[in-house]
Amino acid sequence: MIKELAEEEQWLEAYPVMHELRTNLERETYVSLLREMHAEGYKMLALYDGGRIVALAGIVTLTNLYFGKHVFVYDLVTKASERSKGYGETLLEYVHRYAKNNGCQTVALESGLARVDAHRFYETKMGYRNPAFLLSKRFDSVTL
């Protein structure tokens, strides 16, 4: 069963699984960020098996000049003990259907350079291609 998690209690239930991907986030920061993200259209989807969360996807529907209207996957994680059981594929296929049903022609995501196994999954199993190189610049403090 796949279910959208829209309440803080549900986000806290999902935290242990999400923390496997976002290891830098403490619970308080995680919830605080999710409050803001949820207000901006972020949806957390949970795949349950036997009444427990085994995989999560965090998505948002956006429009830009490059992709047009699209779904962007910010987070996709399967609990370490549950990997290689098809949960990631099931959840990502759900996201693909969600995108199509909401008028999107593209699903896009980013994946860290070190995540070679994830890249293989996205490209080989799920049919994704790598059309861009992501660059970012972090500001530790804002000075005007």
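Owing to the predicted nature of the structure, the values given are computational and were not obtained by experimental measurement.
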Subject >> Minimum side-chain heavy-atom gap M126-F121 below 4.5 Å >> reply: yes
Original post:
Looking at E40 and R35, does any basic side-chain N land under 4.0 Å from a carboxylate oxygen?
Top reply: no
Subject >> Side-chain heavy atoms of L5 within contact of L56, under 4.5 Å >> reply: yes
Original post:
What do the steps show when you test D75 against L21 for side-chain contact (heavy atoms from CB on, under 4.5 Å), and what is the final call?
Top reply: CA-CA 8 Å; D75 315 291; L21 178 65; 4.1 Å; yes
**OP:** Scan residues 31-53 for pairs that pass ring pair (Phe, Tyr, Trp, His ring centres under 6.0 Å), counting only residues two or more places apart or in two chains.
**Re:** W11-H38
**OP:** Compute the ring centroids of Y98 and H70, then answer whether they are less than 6.0 Å apart.
**Re:** no
**OP:** Identify, with sequence neighbours excluded, every residue that meets side-chain hydrogen bond (donor to acceptor under 3.5 Å, both in side chains) alongside K100.
**Re:** none
Subject >> L25 side, atom CG; L34 side, atom CG - distance, nearest 0.5 Å >> reply: 8.5 Å
Subject >> Contact check, side chains of I53 and E13, non-hydrogen atoms, under 4.5 Å >> reply: yes
Subject >> Side-chain ion pair, R83 and E20, N-O less than 4.0 Å >> reply: yes
Original post:
Counting distance only, does the side-chain N/O of K79 pair as donor-acceptor with the main-chain N or O of P16 below 3.5 Å?
Top reply: no
**OP:** Before accepting this row, confirm whether a basic side-chain N of the pair K125/E89 lies closer than 4.0 Å to the acidic partner's carboxylate O.
**Re:** yes
Subject >> N/O donor-acceptor pair under 3.5 Å between S32 side chain and E28 backbone >> reply: no
**OP:** I would like to know whether F72 and I59 meet side-chain contact (heavy atoms from CB on, under 4.5 Å); could you show each step before the answer?
**Re:** CA-CA 6 Å; F72 193 88; I59 64 171; over 6 Å; no
**OP:** Check ring-ring contact (aromatic ring centres under 6.0 Å, His included) between H119 and all other residues, then give those that pass, not counting sequence neighbours.
**Re:** none
Original post:
Yes or no on side-chain contact (heavy atoms from CB on, under 4.5 Å) for L92 and Y128, after CA distance, side-chain angles and deciding distance?
Top reply: CA-CA 11 Å; L92 202 49; Y128 281 68; 3.7 Å; yes
Subject >> Reported CZ-to-CG distance for the pair F67 and N64, which is rounded to 0.5 angstrom >> reply: 6.5 Å
Original post:
Side chains of Q10 and M44: does their closest heavy-atom pair fall under 4.5 Å?
Top reply: no
Original post:
Are V77 and M1 linked, directly or through other ILVMFWY residues, by side chains that come within less than 4.5 angstrom of each other?
Top reply: yes
Original post:
Could you give the distance from CG (L109) to CG (L76), rounded to the nearest 0.5 Å?
Top reply: 7.5 Å
**OP:** Taking the side chain as every heavy atom from C-beta outward, state whether Y87 and L91 have any pair of such atoms under 4.5 Å apart.
**Re:** no
**OP:** Please assess R52 against E82 for the test side-chain contact (heavy atoms from CB on, under 4.5 Å), listing each intermediate value before the final yes or no.
**Re:** CA-CA 11 Å; R52 58 192 176 82; E82 302 296 330; 3.0 Å; yes
Subject >> Close side-chain approach of V54 to V17, heavy-atom, < 4.5 Å >> reply: no
